[in-house]
Protein chains: 2
Amino acid sequence: MPKPANAVHNRIALFRTERGLTRKVLAELVDVNPQTIGFLERGDYGPSVELALKLARVFGVPVDALFSLEPFPALANQLSAPPSSESP
Amino acid sequence: MPKPANAVHNRIALFRTERGLTRKVLAELVDVNPQTIGFLERGDYGPSVELALKLARVFGVPVDALFSLEPFPALANQLSAPPSSESP
DNA sequence: ATGAATCATTGTGTAAACACAATATTCGCA
DNA sequence: TGCGAATATTGTGTTTACACAATGATTCAT
């Protein structure tokens, strides 16, 4: 069960929890076993493109938003500055 | 060697020949065997996301431009009207 | 037409992506 | 506090994505 050094990074857990989905229902949506989702989320192995495409379709995002060869930046780094009450 | 009914469609051959790459050199660029490229191009099997990401990176396109659950439209259908010498 | 490069085909082997089952463990929430 | 849902962990089995080798067919330039 060791995770391979050359693992592909993903944001499945991020998108899944954001949508309030459980692993079980996500698994049903893409037609795999629930524990397969677990394996993917913790990077124990990377999926096939087919599964990647299905997951991306469920979340309505491109595959590249879900999977990457490079680690994803913390989401704080990607958020644009929220409207502030302070004047610039 | 039969190709599965639920195969994922790809445009590897299209992009490869467009760039004038041989299977051998493409294989080297993504670090797989040359015949693996052949298997992929003729849809004998679909790749891992990792390989899909590498291929997309080589071509400089998003994964979704290379792989799809739905068959790709003929490329003629996707081209915008070329500049014509005829007046409209 | 001949030869070289590219591609196709077949076969054998291995590692990893899955399925499925069973048992922890953690985590709300009443 | 404890009960149930969600997740984690472990184990076994099958399928398939790969590697590698060898041979045949195409294509293409000379």
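Note that the coordinates shown come from a computational prediction; the quantities given were computed from them, not determined experimentally. Residue numbers start from 1 in every chain, and the chains themselves are labelled A, B, ... in the order their sequence lines are given, proteins ahead of strands.
As rounded to whole Å, 14 Å separates atom C1' of D:dC18 from atom CZ of B:Arg42. Per the geometry, CD belonging to A:Glu50 stands 11 Å off C1' belonging to C:dC18, to the nearest Å. Summarising the geometry, the separation between CG on A:Leu40 and C1' on C:dA17 is reported as 9 Å, rounded to the nearest angstrom. In this structure, CD1 of B:Ile37 is placed 17 Å from C1' of C:dT9, rounded to the nearest angstrom. Rounded to whole Å, the distance from NZ on B:Lys24 to P on D:dC20 is 13 Å. For B:Glu28 and C:dT6, the CD to P distance is 11 Å, given to the nearest whole Å.
Taking the side chain as every heavy atom from C-beta outward, B:Val30 and B:Thr36 never approach each other to under 4.5 Å. You'll find the side chain of B:Leu29 reaches within 4.5 Å of the side chain of B:Leu21, heavy atoms only. Side chains of A:Leu55 and A:Phe67 form a contact here, defined as non-hydrogen atoms less than 4.5 Å apart. Considering only heavy atoms from C-beta on, B:Phe59 comes within 4.5 Å of B:Leu26 through its side chain.
Within the 4.0 Å cut-off from OP1 or OP2 of D:dT7, at least one side-chain nitrogen or oxygen of A:Arg16 is found. The phosphate of C:dC18 (OP1 or OP2) has no side-chain N or O of A:Asn33 nearer than 4.0 angstrom. Taking side-chain N and O atoms only, A:Thr36 has no distance below 4.0 Å to OP1 or OP2 of C:dA17.
Residue B:Ser48 places its side chain closer to D:dC18 than to any other of D:dC18, D:dT7, C:dA17. The listed nucleotides are D:dC18, C:dA21, C:dA17; the one nearest the side chain of B:Pro47 is D:dC18. Of the candidates C:dT9, C:dC18, D:dC18, D:dC18 carries the atom nearest the B:Leu51 side chain, counting heavy atoms from C-beta on. When the nucleotides D:dC18, C:dT9, C:dC18 are ranked by their closest atom to the side chain of B:Val32, D:dC18 comes out on top. Nearest nucleotide to the side chain of A:Tyr45, out of C:dC18, D:dA21, C:dC20: C:dC18. Of the listed nucleotides (D:dT10, C:dC18, D:dT7), D:dT10 has the atom at the smallest distance from the side chain of A:Phe39.
Between A:Gly38 and B:Asp31, the residue whose closest nucleotide on DNA chain D is further toward the 5' end is A:Gly38. Between B:Gln35 and A:Gly46, it is B:Gln35 whose nearest contact on DNA chain C lies nearer the 5' terminus. In terms of position along DNA chain C, the nucleotide closest to B:Glu41 lies nearer the 5' end than the nucleotide closest to the other residue of the pair A:Pro34 and B:Glu41.
Closest approach of B:Thr22 and B:Val25 over heavy atoms only: CG2-CG1, 3.0 Å.
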